[in-house]
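Data block below; observations after.
The first residue in the sequence is number 1, and the count goes up from there.
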Amino acid sequence: MTADNASQVWQSRLVKHGLDEVQRLASKRPLQPRARRFIFLRHGETEGNARRVYQPPEIPLNETGLEQARRAAEYLREHPVGRILASDMHRAWQTAQAAAAIVGAPVIAEPRLRERWFGDLVGTPSHDLDWRHEPPNGETLREFVERTQAGLNDALDTDASTLLVAHGGSLYVLVYSLGAELLERHIANATPLLFEFQAQISQWRISNIAPEHVTAEYRTTAD
């Protein structure tokens with residue numbers, strides 16, 4: 001597959017899962033954080049990820065996810081981290097604790113970085129996840145985007161070197177709120193991402209901290 005064809009497939013996948021609507025909502029209130037450089041880490045794999053189901057807050061990392069979290073933490077050794085803000089959902093909190101054990105920074109709970117609450121869909125298959133759909137007894141997409149943006153805005157209102165540990169949905173809102181480009185290699189579980197603002201072109205740059213051959217091993221789902 002050529003690079004152009006791969007890009008078209010990826011863009012079609014984003015639209016299929018309704019991430020174009022996440023982008024539309026997030027871009028209406030763009031973030032302009034004081035932080036000019038920070039790291040984002042999605043949690044490691046869970047059985048919910050492996051089975052492709054909507055997940056409850058308390059689901060832990062599976063054995064693969066624990067190893068992913070430990071490996072991601074090792075890659076953070078070369079990057080100064082003064083503070084860690086994490087979703088208090090168990091899978092993100094475990095991942096943050098793995099990072100804290102390596103970088104020696106305190107972990108602060110930020111509930112606004114939780115994954116979207118999918119209500120009555122929790123425990124059911126997520127293969128056909130469409131972020132545009134409003135789950136029964138769940139969080140609307142607008143509520144989720146606004147809540148996440150508020151958490152991100154406060155978390156990044158700092159000059160301190162910051163690591164955010166959260167979820168796939170949190171990453172979508174973050175990237176689109178900054179006007180950056182979301183690529184498939186960014187969304188794998190436990191992939192540490194370095195965000196840097198390039199002042200000369202007024203754009204955010206995202207780079208994978210882990211080697212590409214490592215992140216290619218991880219599951220890349222849109223949920």
For a quick test of your reading: what N or O donor-acceptor pairs under 3.5 Å do the side chains of residues 26-33 make, sequence neighbours left out?
unit_1: Ser27; atom_1: OG; unit_2: Gln23; atom_2: O; d: 2.8
unit_1: Ser27; atom_1: OG; unit_2: Arg24; atom_2: O; d: 3.1

> Taking NZ, NE, NH1 and NH2 as the nitrogens, is one of them in Lys16 or Asp130 under 4.0 Å from a carboxylate oxygen of the other?
Replying inline: no
>> Whether Glu196 and Arg37 form a salt bridge (side-chain N of Lys/Arg under 4.0 Å from carboxylate O of Asp/Glu) is what I want to check.
In response: yes
> Residues in ring pair (Phe, Tyr, Trp, His ring centres under 6.0 Å) with Tyr176, at least two apart?
Replying inline: none
>> My understanding is that only residues two or more places apart in sequence, or in another chain, count here; which of them pass ring pair (Phe, Tyr, Trp, His ring centres under 6.0 Å) with Trp93?
In response: none
> When you check the gap from the basic side-chain N to the acidic O, do Asp20 and Arg132 get nearer than 4.0 Å?
Replying inline: yes
>> According to salt bridge (Lys or Arg N to Asp or Glu O under 4.0 Å), who are the partners of Arg70, at least two apart in sequence or on a separate chain?
In response: Glu67
> Is Glu115 reaching over with its side chain to a backbone N or O of Gly169, donor-acceptor style, under 3.5 angstrom?
Replying inline: yes
> Is any NZ, NE, NH1 or NH2 atom of the basic residue among Glu134 and Arg116 found under 4.0 Å from an Asp or Glu carboxylate oxygen of the other?
Replying inline: yes
>> For Phe40, give me all partners under ring pair (Phe, Tyr, Trp, His ring centres under 6.0 Å), at least two apart in sequence or on another chain.
In response: none
>> Holding to side chain to side chain contact (heavy atoms under 4.5 Å, CB included), I want the full list of residues that pass it with Glu181, two or more places apart in sequence or in another chain.
In response: Leu183
>> Any salt bridge linking Arg91 with Glu45? Criterion: basic side-chain nitrogen under 4.0 Å from a carboxylate oxygen.
In response: no
> Does the ring center of Tyr54 lie less than 6.0 Å from the ring center of Trp117?
Replying inline: no
